[in-house]
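So the structure is just underneath, and the comments pick up after that.
If you read the sequence from its start, that first residue is 1, and numbering goes on from there. Because the structure is predicted, anything quoted here is derived from the model rather than measured.
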Amino acid sequence: MKVLNFLFAALFLITITSCSSARSTTRQGVDLQQYRSFTLVDNDDTYLPQISKLHKSQIEDAITSEIKKISPENLGVTGADVLVNYFVVVDTKTDVQTYNDYYSRRWRNLPINVELTYYKEGTLIVDMIDAKTNKTIWNGSTSSVVTRNSMEVERTINKAVASLFEQFQKDRTPKS
């Protein structure tokens with residue numbers, strides 16, 4: 001019974017956190033419509049110590065793919081209006097599940113069973129920086145449970161980056 005509860009809790013936790021949505025902030029007074037060209041800034045490997053080179057490459061490929069959708073020509077760092085930078089944070093989280101053992105001999109003083117589940121949560125943060133002023137104009141982040149399955153990691157990265165750029169496009173659309 002404990003095993004089933006544990007598996008259900010783990011599955012529920014993965015389902016909830018994998019559906020997390022992108023959060024964003026736009027610098028006050030900035031019109032995102034004015035920016036036409038975007039380019040990804042190269043991150044030094046020491047800047048991202050918590051991820052492997054493979055995952056760094058997957059993130060950069062996903063970001064570059066999304067940039068091409070909104071800015072087809074690549075003008076490089078010197079010609080772009082916006083520099084796109086990213087950072088990854090991986091934290092160990094704890095999920096606590098408690099329940100009473102109702103099959104005890106007495107109804108009072110029921111023992112409470114506690115199950116702890118440890119998991120890793122990755123947060124992808126994307127900053128868009130005005131190339132002329134060197135100030136951040138937009139910031140977005142999204143989080144998800146980190147898995148060991150390499151196919152699932154790539155799918156999660158692509159989904160996370162797509163949701164961030166979808167949020168950027170929503171923020172970029174003029175409010176009526």
Leu124 vs Ile59, side chain to side chain contact (heavy atoms under 4.5 Å, CB included): CA-CA, chis, key distance, verdict | CA-CA 9 Å; Leu124 174 63; Ile59 291 168; 4.1 Å; yes
Practice prompt. Give a yes or no on whether the ring-centroid distance for Phe38 and Phe168 is below 6.0 angstrom.
Written response: yes
_Is there a side-chain contact between Val126 and Asn85 in this structure, where contact means two heavy atoms from C-beta onward sitting under 4.5 Å apart?_
no
- Query: Can you check whether Ile129 reaches Ile137 side chain to side chain, under 4.5 Å on heavy atoms?
  - Reply: no
Rounded to the nearest 0.5 Å, the NZ atom of Lys132 sits from the CG atom of Leu83 at a distance of 11.5 Å
Here the gap from Glu152 atom CD to Ser144 atom OG, rounded to the nearest 0.5 Å, amounts to 8.0 Å
For residues Val153 and Gln58, determine if any side-chain heavy atom of one lies less than 4.5 Å from a side-chain heavy atom of the other. yes
Nearest heavy-atom approach of Ile125 to Ser141 is CG1-CB, 4.0 Å
- Query: Looking at side-chain heavy atoms only, is the closest gap between Glu121 and Val90 below 4.5 Å?
  - Reply: no
Check: Short question: side chain of Arg36, backbone of Ala80 - any donor-acceptor pair under 3.5 Å?
Finding: no
Could you verify whether a donor N or O on one side chain and an acceptor N or O on the other, from Asn158 and Glu154, lie under 3.5 Å apart? no
What one should report as the nearest heavy-atom pair of Ala62 and Ile157 is CB-CG2, 4.2 Å
Next on the checklist: Could you check whether any side-chain N or O of Ser57 sits under 3.5 Å from a backbone N or O of Lys53, counting only pairs where one atom can act as donor and the other as acceptor?
Outcome noted: no
Here the gap from Met128 atom CE to Asn139 atom CG, rounded to the nearest 0.5 Å, amounts to 10.0 Å
Non-hydrogen side-chain atoms of Asp81 and Asp130 separated by less than 4.5 Å: no
Ile70 and Glu66, any side-chain heavy atoms less than 4.5 Å apart = no
Requested in this report: Mind running side chain to side chain contact (heavy atoms under 4.5 Å, CB included) on Glu60 and Lys56 for me, showing each step along the way?
Outcome: CA-CA 6 Å; Glu60 289 176 355; Lys56 179 180 184 276; 3.0 Å; yes
Original post:
Under the side chain to side chain contact (heavy atoms under 4.5 Å, CB included) criterion, do Val88 and Thr123 qualify, and how do the steps go?
Top reply: CA-CA 6 Å; Val88 177; Thr123 302; over 6 Å; no
Original post:
Is there side-chain contact between Phe165 and Ile67, with at least one heavy-atom pair below 4.5 Å?
Top reply: yes
Taking atom types as modelled and ignoring hydrogens, do the side chains of Asp171 and Trp138 form a donor-acceptor contact shorter than 3.5 angstrom?
yes
**Prompt:** Are Thr98 and Val96 side-chain neighbours, meaning at least one heavy-atom pair lies under 4.5 Å?
**Reply:** yes
Separation between CE (Met151) and OG1 (Thr156), nearest 0.5 Å, reads 11.0 Å
Of all heavy-atom pairs linking Leu116 and Thr94, the shortest is CD2-CG2, 4.1 Å
Between Thr26 and Val30 the two heavy atoms that sit nearest each other are CG2-O, 4.3 Å
### Task
Could you give me the CA-CA distance, side-chain angles and deciding distance for Leu40 and Tyr86, then say whether side chain to side chain contact (heavy atoms under 4.5 Å, CB included) is met?
CA-CA 9 Å; Leu40 180 64; Tyr86 70 94; 4.1 Å; yes
Subject >> Pair Asp95, Gln97: side-chain N/O donor-acceptor within cut-off below 3.5 Å >> reply: yes
Value for OG (Ser52) from NE2 (His55), rounded to nearest 0.5 Å, stands at 4.5 Å
dist Tyr35:OH -> Arg172:CZ (nearest 0.5 Å) comes out at 10.5 Å
Closest non-hydrogen contact found for Arg27 with Lys135 is NH2-CB, 3.8 Å
